[in-house]
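Since the structure comes first, as structure tokens, the remarks are kept for the end.
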Amino acid sequence: MRFAKHTLAITAAAASCLSPAMAQDTMTIPVVIKATTASYWQAVFDGAQQAAEKLGIQIEELGPANETQVAEQISIMENLISRRPPAIVLAPVSTDALAGPVEAATEAKIPMIIIDSGVDTDKYAALIATDNFAAGQRAGHALAGCIEKTQGEAAGQVAYLRANPNGESLVSRDEGFLEAISNYPDIEVVDNRVANNDTAKAMNDTLDLLNRYPDLRGIFADNQLMGDGAGTAFAEQGAGESVCLVAFDSSELEVDFLRQGIIDSLIVQDPYMMGYAGVWYAHAAQQGVALPRSVDTGVHVADTESVDLTEFSGLLDPSQREMSPYLGMSPDSQQ
């Protein structure tokens with residue numbers, strides 16, 4: 001999915017509708033994520049909670065344990081629709097399977113704010129997410145750059161780990177990665193594995209790739225759990241010196257691997273902002289405010305040299321996040 005390049009600032013007229021004084025004390029907005037067991041989604045909840053506190057409302061934290069539990073998320077949505085909340089913030093686990101519940105909520109006049117991943121319908125109020133195709137491209141170029149730096153040329157065999165073949169964000173991310181790699185004629189993609197968002201499987205898949213392809217020069221792990229698993233395998237095998245690893249997101253384990261040089265680059269999203277802006281937009285939509293159809297929350301590349309720079313602190317550790325008055329990072333922290 002391609003994004004119109006809107007910023008996260010709402011117009012002055014819309015912002016005036018969003019003052020905390022106007023918030024209803026009893027308003028509760030459900031925030032439905034993809035996987036309650038992943039730190040990435042806890043950062044979404046952190047941002048959503050911060051927005052709720054500023055608005056004087058509450059959020060309800062919901063979601064399946066794992067991103068593969070499509071039926072569970074559908075059931076959550078069906079229950080919410082029957083309850084008629086003022087608005088819903090949803091990160092859909094499946095592009096097509098969640099289209100029906102999103103349309104049903106909209107038909108029930110419940111504003112839907114979609115975050116993180118697109119859904120196969122246009123019946124929602126706004127989409128707030130990373131441009132995952134562009135982010136995947138950055139991962140591909142980062143991996144090629146690492147191979148060139150390590151080997152003296154951008155050449156050799158690479159593979160990639162896929163978390164879930166059904167989510168729009170992950171599919172777009174992988175497509176962007178492959179498009180970027182296609183610009184390097186001497187790099188060959190020899191394999192990919194679907195680990196179903198299972199860190200242990202990602203670790204085992206990585207070990208198998210490293211053993212099966214002795215000339216492998218790089219691996220791309222397309223989300224946090226894949227990065228945790230791949231990094232653990234690299235640490236166990238001591239592969240970091242000869243094989244490049246680029247991963248998505250920024251769990252504590254991934255950041256630790258980055259500092260050690262086990263992971264060479266992290267493609268960092270802004271889950272905190274997705275949760276934060278998602279709740280603000282849900283509150284605005286519930287009041288009838290017209291919103292941008294799509295908002296790109298941005299992507300950043302951290303490597304071993306930049307990981308400890310001030311501008312990455314709030315992205316890598318949501319507890320250090322400081323917001324400006326304009327629903328975004330301060331100008332000095334923009335990448």
Side-chain angles (χ1 to χ4, degrees), residues 1 33-35 37-44 66-67 91 93 115-118 129-146 158-181 189 192-199 201-203 205-206 209 218-234 244-259 262-274 296-304 306-307 312 315-318 335:
M1 180 173 292
I33 60 165
K34 294 182 181 182
T37 55
S39 62
Y40 175 91
W41 296 106
Q42 292 306 311
V44 171
N66 191 288
E67 292 190 25
V93 295
I115 63 171
D116 183 75
S117 297
T130 304
D131 182 340
N132 278 284
F133 186 85
Q137 288 177 311
R138 296 193 71 173
H141 291 304
L143 188 62
C146 176
V158 301
Y160 62 106
L161 298 175
R162 303 166 64 197
N164 183 345
N166 298 315
E168 181 276 329
S169 60
L170 293 161
V171 171
S172 295
R173 193 176 299 172
D174 295 339
E175 289 176 349
F177 168 75
L178 292 173
E179 192 281 332
I181 289 296
V189 179
N192 73 85
R193 304 292 176 86
V194 178
N196 291 321
N197 233 48
D198 184 327
T199 300
K201 189 174 187 311
M203 181 185 71
D205 284 345
T206 301
L209 289 169
I219 292 178
F220 166 52
D222 76 359
N223 83 344
Q224 175 223 314
L225 297 176
M226 300 302 95
D228 287 347
T232 301
F234 267 56
C244 293
L245 176 58
V246 172
F248 242 81
D249 301 323
S250 54
S251 70
E252 288 186 16
L253 185 58
E254 285 181 305
V255 173
D256 185 49
F257 284 145
L258 182 65
R259 289 196 171 102
I262 294 168
I263 289 178
D264 298 283
S265 294
L266 287 176
I267 311 302
V268 183
Q269 302 184 84
D270 198 348
Y272 185 97
M273 178 57 71
M274 291 181 203
D296 180 359
T297 51
V299 67
H300 315 266
V301 180
D303 57 27
T304 53
S306 63
V307 61
F312 281 107
L315 288 168
L316 299 176
D317 181 0
Q335 289 291 297

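Bear in mind that the values here come from a model prediction, so they are computed numbers and not experimental data. Both backbone and side-chain heavy atoms feed into the values below; hydrogens, waters and symmetry mates do not. In this chain, residues are counted from 1 in sequence order.
- Annotation for Asp264 and Cys146: closest pair CG-SG, 3.5 Å, computed over non-hydrogen atoms.
- For Arg138, the side chain to side chain contact (heavy atoms under 4.5 Å, CB included) partners two or more places apart in sequence, or in a different chain, are Val299, Val301.
- Ile181 pairs by the side chain to side chain contact (heavy atoms under 4.5 Å, CB included) definition with Phe177, Ile187, Val189, not counting sequence neighbours.
- Side-chain contact between Thr232 and Leu253 is present, with heavy atoms from C-beta onward closer than 4.5 Å.
- Residues satisfying the side chain to side chain contact (heavy atoms under 4.5 Å, CB included) test with Ser117, not counting sequence neighbours, are Lys34, Pro92, Glu168, Ser169.
- The line from CZ of Phe220 to SG of Cys244 is 14.0 Å long, rounded to the nearest 0.5 Å.
- Under the side chain to side chain donor-acceptor pair (under 3.5 Å) rule, Asn197 has a single partner from Asn223, Asn164, Thr37, which is Asn223.
- Atom CZ of residue Arg173 and atom CG of residue Leu170 lie 5.0 Å apart, to the nearest 0.5 angstrom.
- Side chain of Asn192 to main chain of Tyr160: no donor-acceptor pair is present (N/O by atom type, distance under 3.5 Å, no hydrogens or angles).
- When every heavy atom of Val246 is checked against every heavy atom of Ala139, the shortest pair comes out as CG1-O, 4.0 Å.
- Separating the CG atom in Asp270 from the CG atom in Asp116 is a distance of 11.5 Å, to the nearest 0.5 Å.
- Between Glu254 and Tyr40, the closest side-chain pair of non-hydrogen atoms is not below 4.5 Å.
- Under the rule for a side-chain hydrogen bond (donor to acceptor under 3.5 Å, both in side chains), the partners of Gln224 that lie at least two apart in sequence or sit in another chain are Ser39, Asp228.
- Met203 places none of its side-chain heavy atoms less than 4.5 Å from the side chain of Thr206.
- Not a single side-chain hydrogen bond (donor to acceptor under 3.5 Å, both in side chains) links Ser265 to another residue, sequence neighbours left out.
- Under the side-chain hydrogen bond (donor to acceptor under 3.5 Å, both in side chains) criterion, Glu179 pairs with Gln137, sequence neighbours left out.
- Residues Ile263 and Gly227 come closest through the heavy atom pair CD1-O, 4.2 Å.
- Between the CD1 atom of Ile115 and the CE atom of Met273 there is a distance of 12.5 Å, given to the nearest 0.5 Å.
- For Ser306, the side-chain hydrogen bond (donor to acceptor under 3.5 Å, both in side chains) partners at least two apart in sequence or on another chain are Asp303.
- Atoms CZ and CG, on Phe248 and Leu161 in that order, are 13.5 Å from each other to the nearest 0.5 Å.
- For the atom pair CG of Asp249 and CG of Asp222, the computed distance is 9.0 Å after rounding to the nearest 0.5 Å.
- With sequence neighbours left out, the side chain to side chain contact (heavy atoms under 4.5 Å, CB included) criterion links Ala195 to Lys201, Ala202, Asp205, Met226.
- Here the closest heavy-atom approach between residue Leu143 and residue Ile219 is recorded as CD1-O, 3.8 Å.
- Classification of Arg162 and Asp174 as a salt-bridged pair holds, one side-chain N sitting under 4.0 Å from a carboxylate O.
- A pairwise comparison of heavy atoms in Val194 and Pro165 identifies CG1-CD, 3.7 Å as the closest pair.
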I would like to know whether Trp41 and Glu67 meet side-chain contact (heavy atoms from CB on, under 4.5 Å); could you show each step before the answer? CA-CA 11 Å; Trp41 296 106; Glu67 292 190 25; 3.2 Å; yes
Before giving the answer on side-chain contact (heavy atoms from CB on, under 4.5 Å), spell out for Gln269 and Asn132 the whole-Å C-alpha distance, their side-chain angles and the decisive distance to 0.1 Å. CA-CA 9 Å; Gln269 302 184 84; Asn132 278 284; 3.8 Å; yes
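- The two residues Ser250 and Val255 make their nearest non-hydrogen contact at O-CG2, 3.9 Å.
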